[in-house]
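All values below were derived from every heavy atom in this structure, side-chain atoms included, with hydrogens, water molecules and symmetry-related copies excluded.
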There are 2 protein chains.
Amino acid sequence: MIHGMIKRLTIHDVAKEAGCSIATVSLVLNNSGRIGPDTRHRVTEIIKTLGYQPNTSGRNLRLQRTDTIGLMFNPSPSKIFKNIFYIDMMEGLEEKLCQRGFSLLLGSGREELARDNLPKFMRTGAVDALILMGHFPENTLDVLLRTRTPVLLLDSLHPHKEVDCLTSDGFSGASQAVDHLVSIGHTRIAMLSYDILEYHNVMTRIDGFRTAIKRHGLDARINPVVHDFAINEDLPAKIDAMLADPEGPTAFICVNDTLAVYVTDYLMDRGVNVPEHVSVIGFDDDTIARTHQPPLTTVRIDSFFLGAKASELVIERLKAPQEPVRKIIVPVELIVRESTGAPPAIRPVWPRK
Amino acid sequence: MIHGMIKRLTIHDVAKEAGCSIATVSLVLNNSGRIGPDTRHRVTEIIKTLGYQPNTSGRNLRLQRTDTIGLMFNPSPSKIFKNIFYIDMMEGLEEKLCQRGFSLLLGSGREELARDNLPKFMRTGAVDALILMGHFPENTLDVLLRTRTPVLLLDSLHPHKEVDCLTSDGFSGASQAVDHLVSIGHTRIAMLSYDILEYHNVMTRIDGFRTAIKRHGLDARINPVVHDFAINEDLPAKIDAMLADPEGPTAFICVNDTLAVYVTDYLMDRGVNVPEHVSVIGFDDDTIARTHQPPLTTVRIDSFFLGAKASELVIERLKAPQEPVRKIIVPVELIVRESTGAPPAIRPVWPRK
DNA sequence: TTGTATGCGTTATCAA
DNA sequence: TTGATAACGCATACAA
C-alpha cells in the first residue's frame, strides 16, 4: 500500500467547514472585492489549514482554458538538445512561463504531424498555445496553423506566414563578423554553411554575409559562400582546395560553433595555425566556443533571453488573439576571442611546398 | 485577425448531426460493444468528417484523471541536460509515454519545493503521477511523498523510502571495471569521485569498487577512493601526489565520463600516457567517451532504455496503486576502448627525474 | 440498442 | 455581502 487514499478536497469541503456557500469560497479564492472582511478572513484561514487548492480539471472546464503551453521540437528532443543553445532557450522559456502561472506540456505527436495530422493535444483543447522550437517543414506548419490555437515559431522565421515568430538577428551577426575581419585587414573571407538553406536562420546569415561583402566593395567570387558539402565527407576536400589556392580565403565564417570547431581542428591538424594563418568565426556562443583551443570568436545569441521573450510573446498573444502577427528579431553581438587576428602578410599555401 | 474563431466542436454537435443522443456518440467513441453496427458506422463517419475530438478538460473532470505525468529535474533543466545521458533518458521516457497516450508536463515549481511546499500541479490534480529525474534532497522528497500522487525516482534510489525507484547498477559497473583492470594486470587502482556521497548512484559505485578490490584480495590502502576534492582546485594536487608515489596507482576509475575526460587530459598534459603509463575508466558512456582521444573505456548505461522503462513503471503504478513499491536496477556493461591497457612493467614516477 | 439524467469541481450570473 | 444555481464537456448508470 503506497499512499493513503485521502479523498481530494473540493470547494464544498471548504464551504462546509467555513459554514458558507461554495460561491463565497470561490469569491474569496479569486479575491473578488465584495466580500466581508470577516468572512474573507475566516475562509482564507480554513483554506490554508485545510490546504485546499482548486482542481485543475474543473477550473479548466469552466474557464475554457488550461494555462498550459504546448512545446514541440523538430526533429526530436534529443537531437535538438544536443545543442546547448536550445537547452538554455528552454530554460528561459520555462522559468518565465512558470512565473506567470503557465505550465509547459511536452508535445509529442511528431508521428501524427508527419502524417499531416494534428497532434492530439492540439485537437482536444489541452493547450492554449503552441511553441515550435527549431525548423519545421512548411506543410507541417500549415497543418498547425489551421487551428484556432495560437502558434509561435521560436528560433525560426517565416516572413510571409500568419504566425508569430521570434528569432535572432543572423543578418546583423554575419555583418558584424565580416566588419570585424575587414577591420583587421582581411579581404578574402569564405562563409561555410551546412546545406540546409531552407532554414531561415541559415539563409539569413548567408544573406548578411553577402551583403556585408558587397558593402565593403569586396569581390563575391573570392569571398564565396560554400555550402554544398556533407561534413566529414566533402568538406575536407573543399577546405584543402581553398588552402591550396594562393588567392584562397584568410578567414572562415561558419554558420555555427559546431562547424567552426570542426573547421578549426581540421586546420590545426593540417598545420594551419588559427589565427596566425587563418581566422575562424562561429555562431551561437556555445559552451564549446569558450572552452575550445583557441577560444572562438563568435556571434553571441542570448538564448535564455530568447526563451524568456518567447514566453512574453505567447502570453500577450493569448490576451490579444486578434492583434496582427509579430515577427521579432533579437539583436546579437560579436564576441571577439582568440580565433581571429590579422591575416599573414603573405598567406602560405597548403600543403606546404 | 489571426485565426478564424471557429467554435470548438462538442459531443452535442456530433449528436445533432448524427441524429442521436450524446450518450450514443460517447459509447461509439469509447467503443462500447453494445451499439448497433449501422449507428456505429454512421456516427463514426460523422466524427471523422467533422474532425471531432473529445475535449480534454471535460474528459479529465469526468474521469478524475488527466493521463498526464509531471516531470521534475534537480537542480534545473539546463544543468541536468548538459549531460547527454539525461537527454536520452527523457527521449525514451517521452516516446514510450506518448505511445501509451500520456502527456508529459514539465514541472517547474522548484521555488515552491525549496520552501517545502508542493509544486502547484501536485496540489491541483493536474498530473496523475510524478517522475523525478536526478537527485533530490531527502526532505524535499518527503514533502512530495505525502501526496496521494505516485512518485517515481529516475536515476536515483532510496532503499528505505516508500517510493518507486529506477536506476542503473553502479555496483556491478564498478565491479566490472575493477575486474577488467585486474584481469589485464593492474593491482594498484584508485577510484576518483566528486564529493557528493549523498547521491545514491555515487555511493553505490564506490561500494562496488571497494567490494571488488576486497574480493580480489587487494589492499584497500593502496587502492583508495579519493573524493575529497573540488575539480580544478585540489584534484590536480591529489593526482600529482599519487603520480609522485612509486607505489601510486596504475589505473583510475572515475565516477563519470566528464571526470574521466578531465583526468585523462590532465595526465596527458603532464606527459603521462594513457593507457601506456596509466589506465582510465569512466562511467555513463557519454558521447564524449567515444569522441575523446583516446576513446574511453567506460561503463555503459542505456539511458534511453532507462527512460522507456520508467514510463512502463509509472503506468503500471497508476493501474495498481496499492502494490508494494518497486526498486528496479538496470544492468550495465563495461565497454572496453583505448584508455585501458596493461600496466607498465615498472611504472615511472612524475615529475620524471 | 439507444436515450435520459446525473455528477465530476469550478466560476459566474443573478437573486436575495 | 452572500447564496442558489447554471453551465462548461464528458462518461456512465439506469431506464426505456
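The CZ-C1' distance, from A/R8 to C/dG9, rounds to 12 Å in whole Å. Taking atom CD1 of B/I11 as the reference point, atom P of D/dC8 lies 14 Å away to the nearest angstrom. What separates CG of B/N60 from P of C/dT10 is a distance of 14 Å, to the nearest Å. Rounded to an integer number of Å, the gap from CG of B/N31 to P of C/dT1 is 15 Å. Summarising the geometry, the separation between CG on A/N55 and P on D/dC8 is reported as 19 Å, rounded to the nearest angstrom. Rounded to whole angstrom, the span from the CG atom of A/L63 across to the P atom of D/dC8 amounts to 14 Å.
Side-chain atoms of B/R100 and B/S311, non-hydrogen and from C-beta on, never get closer than 4.5 Å to each other.
In this structure, the nucleotide among D/dC10, D/dA11, C/dC8 sitting nearest to the side chain of B/Q64 is C/dC8. Taking only side-chain atoms of B/R59, from C-beta outward, the nucleotide of C/dG9, D/dC10, C/dT10 with the closest atom is D/dC10.
Within 4.0 Å of A/H12, counting heavy atoms only, lies at least one base atom of the nucleic acid. Within the nucleic acid shown, B/S57 has no heavy atom closer than 4.0 Å to any nucleic acid atom. When heavy atoms are screened at a 4.0 angstrom cut-off, B/L61 is found touching base atoms of the nucleic acid.
Salt-bridge check for A/R40 with A/D38: failed, with every basic side-chain N at 4.0 Å or more from each acidic carboxylate O. Between A/E316 and A/K319 there is no salt bridge, since no side-chain nitrogen of the basic residue lies less than 4.0 Å from a carboxylate oxygen of the acidic one.
No donor-acceptor pair under 3.5 Å is formed between the side chain of A/S156 and the backbone N or O of A/L153. A/D128 places no side-chain N or O within donor-acceptor distance of the main-chain N or O of A/R65, the cut-off being under 3.5 Å.
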Pairwise N/O distances under 3.5 Å, protein to nucleotides 2-6 of chain C:
unit_1, atom_1, unit_2, atom_2, d
C/dT2, OP1, B/T39, OG1, 3.0
C/dT2, OP2, B/G36, N, 2.6
C/dT2, OP2, B/T39, OG1, 2.6
C/dG3, OP2, B/S21, N, 3.1
C/dG3, OP2, B/S21, OG, 3.3
C/dG3, OP2, B/T24, OG1, 2.4

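With ring centers used as reference points, A/F73 lies under 6.0 Å from A/F81.
For D/dG9, the OP1/OP2 oxygens have no side-chain nitrogen or oxygen of B/Y52 closer than 4.0 Å.
For the residue pair A/N201 and A/T167, a side-chain donor N or O sits within less than 3.5 Å of a side-chain acceptor on the partner.
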